[in-house]
Amino acid sequence: AYIVAIVSTAFLDHLLHSLLGLTLTDSNTAYGYLKETGPLGGFVNRANYAYCIGLISNGAKENIKRIAEIRNTFAHKLDDISFDDEVVAK
């Protein structure tokens, strides 16, 4: 479950990064915004921005936020955890 949570979130983050990269006109500036330390470097920040400019729906944005929470739960709770865990399943 750990690998699924981490890798699937990384894949979604990559897709969101690519989508935003296609919409930003200046590639050098876009790189600065989208790199890990940039203002759009975080998964949830990217989702919020994508929603604000009409690329994704509010439902998609909220799902991404929940996926990020689940990913963080798996990343920071290294002992036995599954998708059935109360913290994840809520």
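When side chains are defined from C-beta on, Leu19 counts as touching Leu55, because their heavy atoms get closer than 4.5 Å. Here the side chains of Val7 and Phe11 are not in contact, with every heavy-atom distance at 4.5 Å or above. Counting heavy atoms from C-beta on, the side chains of Ile67 and Phe43 come closer than 4.5 Å.
Minimum heavy-atom separation, Ser57 to Tyr51: C-CD1, 3.7 Å. Heavy atoms only, all atoms of each residue included: Pro39 and Gly32 are closest at CD-O, 4.1 Å. Closest approach of Asn45 and Leu40 over heavy atoms only: O-CD2, 3.9 Å.
Distance check, rounded to the nearest 0.5 Å: CG of Leu22 to NE2 of His17 gives 10.5 Å. To the nearest 0.5 Å, the span separating CD1 on Ile53 from OG1 on Thr23 amounts to 4.0 Å. Between the NE2 atom in His14 and the CZ atom in Arg46 there is a gap of 10.0 Å [rounded to 0.5 Å].
Scored by the side-chain hydrogen bond (donor to acceptor under 3.5 Å, both in side chains) test, Asn28 finds no partners at all (sequence neighbours excluded).
Partner Tyr49 forms a side chain to side chain contact (heavy atoms under 4.5 Å, CB included) with one of Leu20, Leu16, Ile56 and no other, that one being Leu20.
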**Prompt:** Given Ile64 and Asn48, is the side-chain contact (heavy atoms from CB on, under 4.5 Å) satisfied, shown in steps?
**Reply:** CA-CA 9 Å; Ile64 288 170; Asn48 286 332; over 6 Å; no

